[in-house]
S.K.: 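Please see the structure below; I have some questions.
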Amino acid sequence: MEQRSSSETWTAVDRYIEERLIDADPALERARRAAEEAGLPAIAVTPAQGKLMHLLARSLGATRILEVGTLGGYSAIWLARALPSGGQLVTLELEPAYAAVAAASIEGAGLDERVDLRIGPAARTLAAMVTSGEEPFDLVFIDADKRSTPEYFARALELTRPGSVIVVDNVVRDGRLISPDSGDPDIEGNRTFHERLASERRVSATTIQTVGAKGYDGFTLALVNAGG
Ligand code: SAH
Ligand code: DHB
Ligand code: MG
(Lines give C-alpha, C1' and ligand atoms only; values in the text may rest on other atoms or scores of the structure.)
(Ligands and ions follow the chains in the order given, each with its own letter.)
Protein backbone atom coordinates (compact mmCIF):
# COMPACT_ATOMS: atom_id res chain seq x y z
CA MET A 1 0.00 0.00 0.00
CA GLU A 2 1.23 3.49 -0.82
CA GLN A 3 2.28 5.68 2.09
CA ARG A 4 -0.61 7.73 3.42
CA SER A 5 -1.09 9.75 6.55
CA SER A 6 -3.12 8.12 9.28
CA SER A 7 -6.06 10.45 8.74
CA GLU A 8 -6.13 9.71 4.99
CA THR A 9 -6.26 6.01 5.85
CA TRP A 10 -9.08 6.53 8.36
CA THR A 11 -11.09 8.41 5.74
CA ALA A 12 -10.41 5.77 3.08
CA VAL A 13 -11.48 3.00 5.45
CA ASP A 14 -14.67 4.91 6.28
CA ARG A 15 -15.35 5.07 2.52
CA TYR A 16 -14.70 1.31 2.22
CA ILE A 17 -17.17 0.65 5.05
CA GLU A 18 -19.79 2.99 3.57
CA GLU A 19 -19.56 1.33 0.17
CA ARG A 20 -20.24 -2.08 1.66
CA LEU A 21 -22.40 -1.60 4.73
CA ILE A 22 -24.37 1.62 4.34
CA ASP A 23 -27.25 1.50 1.87
CA ALA A 24 -27.65 4.49 -0.42
CA ASP A 25 -30.29 6.69 1.14
CA PRO A 26 -31.47 9.67 -0.93
CA ALA A 27 -33.05 11.49 2.03
CA LEU A 28 -29.87 11.26 4.09
CA GLU A 29 -27.75 12.32 1.14
CA ARG A 30 -30.08 15.27 0.47
CA ALA A 31 -29.89 16.26 4.15
CA ARG A 32 -26.09 16.29 4.07
CA ARG A 33 -26.09 18.33 0.84
CA ALA A 34 -28.70 20.80 2.16
CA ALA A 35 -26.60 21.38 5.30
CA GLU A 36 -23.50 21.99 3.20
CA GLU A 37 -25.34 24.34 0.83
CA ALA A 38 -26.74 26.31 3.78
CA GLY A 39 -23.20 26.74 5.12
CA LEU A 40 -23.71 24.69 8.28
CA PRO A 41 -20.50 23.39 9.92
CA ALA A 42 -19.50 19.95 8.55
CA ILE A 43 -19.65 18.24 11.93
CA ALA A 44 -22.57 15.81 11.57
CA VAL A 45 -21.90 12.19 12.46
CA THR A 46 -20.41 10.06 9.68
CA PRO A 47 -22.67 7.52 7.95
CA ALA A 48 -21.08 4.69 9.95
CA GLN A 49 -21.68 6.56 13.22
CA GLY A 50 -25.23 7.46 12.21
CA LYS A 51 -25.92 3.82 11.49
CA LEU A 52 -24.44 2.82 14.85
CA MET A 53 -26.93 5.13 16.61
CA HIS A 54 -29.73 3.74 14.43
CA LEU A 55 -28.80 0.14 15.29
CA LEU A 56 -28.51 0.97 18.97
CA ALA A 57 -32.01 2.47 18.93
CA ARG A 58 -33.39 -0.62 17.21
CA SER A 59 -31.53 -2.96 19.57
CA LEU A 60 -33.14 -1.18 22.51
CA GLY A 61 -36.55 -1.22 20.86
CA ALA A 62 -36.56 2.50 21.52
CA THR A 63 -39.88 4.30 21.09
CA ARG A 64 -38.75 7.60 22.64
CA ILE A 65 -35.40 9.13 21.73
CA LEU A 66 -33.90 12.46 22.84
CA GLU A 67 -31.17 14.23 20.88
CA VAL A 68 -29.33 17.32 22.11
CA GLY A 69 -27.82 19.15 19.08
CA THR A 70 -29.76 18.78 15.83
CA LEU A 71 -27.59 20.77 13.39
CA GLY A 72 -29.02 19.97 9.91
CA GLY A 73 -30.91 16.87 11.05
CA TYR A 74 -28.53 14.23 9.70
CA SER A 75 -28.26 12.16 12.90
CA ALA A 76 -31.93 12.92 13.63
CA ILE A 77 -32.96 11.18 10.41
CA TRP A 78 -30.86 8.11 11.28
CA LEU A 79 -32.43 8.02 14.76
CA ALA A 80 -36.01 8.68 13.64
CA ARG A 81 -35.72 5.93 11.04
CA ALA A 82 -35.19 3.48 13.91
CA LEU A 83 -38.53 4.33 15.53
CA PRO A 84 -41.70 2.30 15.10
CA SER A 85 -44.77 4.22 13.98
CA GLY A 86 -46.06 6.21 16.94
CA GLY A 87 -42.47 6.61 18.24
CA GLN A 88 -41.01 10.05 18.91
CA LEU A 89 -37.65 11.74 18.54
CA VAL A 90 -37.34 14.99 20.46
CA THR A 91 -34.34 16.93 19.14
CA LEU A 92 -33.02 20.21 20.58
CA GLU A 93 -31.23 22.96 18.65
CA LEU A 94 -30.07 26.43 19.66
CA GLU A 95 -29.77 28.01 16.22
CA PRO A 96 -33.08 28.77 14.45
CA ALA A 97 -31.32 28.85 11.06
CA TYR A 98 -29.91 25.34 11.58
CA ALA A 99 -33.28 24.12 12.84
CA ALA A 100 -34.95 25.42 9.66
CA VAL A 101 -32.54 23.37 7.51
CA ALA A 102 -33.13 20.34 9.73
CA ALA A 103 -36.93 20.71 9.64
CA ALA A 104 -36.91 20.78 5.82
CA SER A 105 -34.66 17.71 5.60
CA ILE A 106 -36.70 15.79 8.19
CA GLU A 107 -39.86 16.58 6.26
CA GLY A 108 -38.12 15.56 3.03
CA ALA A 109 -37.37 12.20 4.66
CA GLY A 110 -41.06 11.81 5.50
CA LEU A 111 -40.30 11.81 9.23
CA ASP A 112 -41.89 15.04 10.45
CA GLU A 113 -44.65 13.22 12.35
CA ARG A 114 -42.06 11.33 14.39
CA VAL A 115 -39.74 14.28 15.09
CA ASP A 116 -40.37 17.08 17.56
CA LEU A 117 -37.72 19.77 16.96
CA ARG A 118 -37.45 22.26 19.81
CA ILE A 119 -35.53 25.48 19.27
CA GLY A 120 -33.63 27.25 22.07
CA PRO A 121 -30.78 26.73 24.52
CA ALA A 122 -30.88 23.03 25.43
CA ALA A 123 -30.24 23.72 29.13
CA ARG A 124 -33.49 25.66 29.29
CA THR A 125 -35.48 23.20 27.16
CA LEU A 126 -34.25 20.23 29.21
CA ALA A 127 -35.10 21.95 32.50
CA ALA A 128 -38.61 22.62 31.19
CA MET A 129 -38.92 18.98 30.12
CA VAL A 130 -37.98 17.80 33.63
CA THR A 131 -40.48 20.22 35.20
CA SER A 132 -43.30 19.19 32.90
CA GLY A 133 -42.81 15.51 33.77
CA GLU A 134 -41.95 14.38 30.24
CA GLU A 135 -42.18 10.59 29.73
CA PRO A 136 -38.77 8.87 30.05
CA PHE A 137 -36.61 8.38 26.97
CA ASP A 138 -35.15 5.02 25.98
CA LEU A 139 -32.10 6.53 24.28
CA VAL A 140 -30.42 9.92 24.60
CA PHE A 141 -27.79 11.26 22.17
CA ILE A 142 -25.88 14.24 23.60
CA ASP A 143 -24.08 16.05 20.76
CA ALA A 144 -24.23 19.83 21.31
CA ASP A 145 -21.85 22.34 22.95
CA LYS A 146 -19.32 20.18 24.76
CA ARG A 147 -18.81 22.63 27.64
CA SER A 148 -22.39 21.88 28.71
CA THR A 149 -22.11 18.09 28.48
CA PRO A 150 -22.04 17.64 32.30
CA GLU A 151 -25.30 19.60 32.62
CA TYR A 152 -26.97 17.78 29.70
CA PHE A 153 -25.94 14.43 31.14
CA ALA A 154 -27.41 15.35 34.55
CA ARG A 155 -30.67 16.26 32.83
CA ALA A 156 -30.58 13.07 30.76
CA LEU A 157 -30.45 11.09 34.02
CA GLU A 158 -33.67 12.80 35.09
CA LEU A 159 -35.32 12.01 31.75
CA THR A 160 -34.50 8.28 31.51
CA ARG A 161 -35.30 5.03 33.35
CA PRO A 162 -33.32 1.90 34.27
CA GLY A 163 -32.30 0.25 31.00
CA SER A 164 -32.10 3.49 29.04
CA VAL A 165 -28.85 4.27 27.21
CA ILE A 166 -27.15 7.67 27.01
CA VAL A 167 -24.51 8.26 24.31
CA VAL A 168 -22.27 11.33 24.46
CA ASP A 169 -20.39 12.32 21.29
CA ASN A 170 -16.97 13.93 20.88
CA VAL A 171 -15.48 13.22 24.27
CA VAL A 172 -11.87 12.45 23.25
CA ARG A 173 -11.06 15.31 20.82
CA ASP A 174 -7.65 14.23 19.48
CA GLY A 175 -6.71 12.98 22.93
CA ARG A 176 -7.12 16.40 24.53
CA LEU A 177 -9.48 14.74 27.02
CA ILE A 178 -6.44 14.03 29.18
CA SER A 179 -4.99 17.58 29.03
CA PRO A 180 -5.57 19.23 32.40
CA ASP A 181 -4.62 22.75 31.30
CA SER A 182 -6.15 23.01 27.82
CA GLY A 183 -7.81 26.33 28.59
CA ASP A 184 -10.60 25.09 26.31
CA PRO A 185 -14.03 25.03 27.98
CA ASP A 186 -15.17 22.21 25.68
CA ILE A 187 -12.29 20.00 26.83
CA GLU A 188 -12.99 21.03 30.43
CA GLY A 189 -16.62 19.97 29.87
CA ASN A 190 -15.53 16.51 28.76
CA ARG A 191 -13.13 16.24 31.72
CA THR A 192 -15.72 17.32 34.28
CA PHE A 193 -18.14 14.87 32.68
CA HIS A 194 -15.66 11.99 33.11
CA GLU A 195 -14.81 12.99 36.68
CA ARG A 196 -18.50 12.94 37.61
CA LEU A 197 -19.02 9.68 35.74
CA ALA A 198 -16.26 8.11 37.86
CA SER A 199 -18.49 8.34 40.95
CA GLU A 200 -21.92 8.21 39.30
CA ARG A 201 -23.65 5.10 40.66
CA ARG A 202 -26.80 5.53 38.59
CA VAL A 203 -25.05 4.41 35.38
CA SER A 204 -22.47 1.90 34.15
CA ALA A 205 -20.38 3.58 31.46
CA THR A 206 -17.44 3.25 29.13
CA THR A 207 -15.71 5.56 26.66
CA ILE A 208 -14.54 4.27 23.28
CA GLN A 209 -11.87 6.06 21.22
CA THR A 210 -12.64 6.28 17.51
CA VAL A 211 -10.91 7.21 14.24
CA GLY A 212 -12.54 7.89 10.90
CA ALA A 213 -13.36 10.58 8.37
CA LYS A 214 -13.88 13.02 11.26
CA GLY A 215 -10.44 12.31 12.73
CA TYR A 216 -9.60 10.99 16.19
CA ASP A 217 -12.35 11.33 18.76
CA GLY A 218 -14.60 9.09 20.86
CA PHE A 219 -17.92 8.59 22.53
CA THR A 220 -19.24 7.57 25.92
CA LEU A 221 -21.98 4.98 26.31
CA ALA A 222 -23.81 4.86 29.66
CA LEU A 223 -26.46 2.33 30.69
CA VAL A 224 -28.88 3.55 33.36
CA ASN A 225 -28.77 1.02 36.19
CA ALA A 226 -31.71 -0.49 38.04
CA GLY A 227 -32.28 0.76 41.57
CA GLY A 228 -30.21 3.92 41.06
N1 SAH B 1 -26.17 15.72 15.97
C2 SAH B 1 -25.82 16.45 14.75
C3 SAH B 1 -24.63 17.34 14.95
C4 SAH B 1 -24.78 18.34 16.05
S5 SAH B 1 -23.50 19.58 15.99
C6 SAH B 1 -25.52 15.43 13.65
O7 SAH B 1 -24.67 14.55 13.91
O8 SAH B 1 -26.08 15.51 12.55
C9 SAH B 1 -23.84 20.43 17.46
C10 SAH B 1 -25.12 21.25 17.44
O11 SAH B 1 -25.38 21.70 18.76
C12 SAH B 1 -25.03 22.50 16.56
O13 SAH B 1 -26.07 22.53 15.64
C14 SAH B 1 -25.15 23.64 17.55
O15 SAH B 1 -25.85 24.78 17.05
C16 SAH B 1 -25.94 22.99 18.65
N17 SAH B 1 -25.82 23.69 19.93
C18 SAH B 1 -24.75 24.38 20.40
N19 SAH B 1 -25.03 24.90 21.59
C20 SAH B 1 -26.29 24.56 21.89
C21 SAH B 1 -27.16 24.83 22.97
N22 SAH B 1 -26.77 25.58 24.02
N23 SAH B 1 -28.41 24.32 22.94
C24 SAH B 1 -28.82 23.55 21.90
N25 SAH B 1 -28.04 23.27 20.85
C26 SAH B 1 -26.80 23.77 20.83
C1 DHB C 1 -17.87 19.60 16.82
C2 DHB C 1 -19.11 19.19 17.25
C3 DHB C 1 -19.53 17.90 17.01
O4 DHB C 1 -20.73 17.44 17.42
C5 DHB C 1 -18.73 17.03 16.32
O6 DHB C 1 -19.18 15.77 16.10
C7 DHB C 1 -17.49 17.43 15.88
C8 DHB C 1 -17.07 18.72 16.12
C9 DHB C 1 -17.40 20.98 17.08
O10 DHB C 1 -18.15 21.74 17.70
O11 DHB C 1 -16.29 21.29 16.70
MG1 MG D 1 -20.79 15.23 17.39
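This is a predicted model, so every value here is computed, not measured. Just so it is clear, the values below take in all heavy atoms, side chains as well, and ignore hydrogens, waters and symmetry mates. Both ligands and their constituent atoms are indexed starting at 1 by order of listing.
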S.K.: Show which atoms of ligand 1 fall inside a sub-4.0 Å distance from at least one heavy-atom site of E67.
M.R.: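 Ligand 1 atoms under the 4.0 Å threshold to E67: 1 (N).
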S.K.: Are any of the heavy atoms in R173 under 4.0 Å away from ligand 2?
M.R.: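 Per 4.0 Å heavy-atom rule, R173 contacts ligand 2.
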S.K.: Taking 4.0 Å as the limit for heavy-atom contacts, which would you say applies to I43 with ligand 2: side chain only, backbone only, both, or neither?
M.R.: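 For I43, backbone and side-chain atoms both sit under 4.0 Å from ligand 2.
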S.K.: So does S75 have any N/O/S atom less than 2.8 Å away from the Mg ion (ligand 3)?
M.R.: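 Checking the Mg ion (ligand 3) against S75, no N, O or S atom falls under 2.8 Å.
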S.K.: Number the atoms of ligand 1 from 1 as they appear, then name those within less than 4.0 Å of a heavy atom of E95, with their elements.
M.R.: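 By the 4.0 Å cutoff, the relevant atoms are 15 (O).
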S.K.: Counting backbone and side-chain atoms alike, is an N, O or S atom of D217 positioned under 2.8 Å from the Mg ion (ligand 3)?
M.R.: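 No, since none of the N, O or S atoms of D217 sits under 2.8 Å from the Mg ion (ligand 3).
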S.K.: Looking only at protein heavy atoms, which one is nearest to atom 4 (O) of ligand 2, and what is the separation?
M.R.: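 That would be D143 OD1, 2.7 Å.
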S.K.: Yes or no: does P121 have any heavy atom under 4.0 Å from an atom of ligand 1?
M.R.: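 It does, in that a heavy atom of P121 comes within the 4.0 Å cut-off of ligand 1.
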S.K.: Using heavy atoms and a threshold below 4.0 Å, how should the contact between W78 and ligand 1 be classified: side chain, backbone, both, or neither?
M.R.: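 For W78, no heavy atom sits under 4.0 Å from ligand 1.
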S.K.: Give the numbers and elements of all ligand 1 atoms closer than 4.0 Å to a heavy atom of A44.
M.R.: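 This gives 6 (C), 7 (O), 8 (O) as the contact atoms.
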S.K.: Just to confirm my output: which protein heavy-atom neighbour is closest to atom 3 (C) of ligand 2, and how far is it?
M.R.: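 Looking only at protein heavy atoms, the one closest to atom 3 (C) of ligand 2 is N170 OD1, 3.1 Å.
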S.K.: Using a plain distance cutoff, I'd like to know if A144 has any nitrogen or oxygen under 3.5 Å from a nitrogen or oxygen of ligand 2.
M.R.: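 Checking ligand 2 against A144, no N or O pair falls under 3.5 Å apart.
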S.K.: Which ligand 1 atoms, with their elements, are less than 4.0 angstrom from a heavy-atom of G120?
M.R.: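 Listed by number with element, the hits are 23 (N), 24 (C).
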S.K.: Heavy-atom contacts with Y98 under 4.0 Å: which atoms of ligand 1 show up? List them by number with element.
M.R.: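 By the 4.0 Å cutoff, the relevant atoms are 13 (O), 15 (O).
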S.K.: Only heavy atoms of I43, strictly under 4.0 Å: list the atoms of ligand 1 that pass.
M.R.: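 Heavy-atom distances to I43 below 4.0 Å select 5 (S).
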S.K.: With atoms numbered from 1 as shown, which atoms in ligand 2 lie under 4.0 angstrom from a non-hydrogen atom of D169?
M.R.: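 Atoms satisfying the 4.0 Å criterion: 6 (O).
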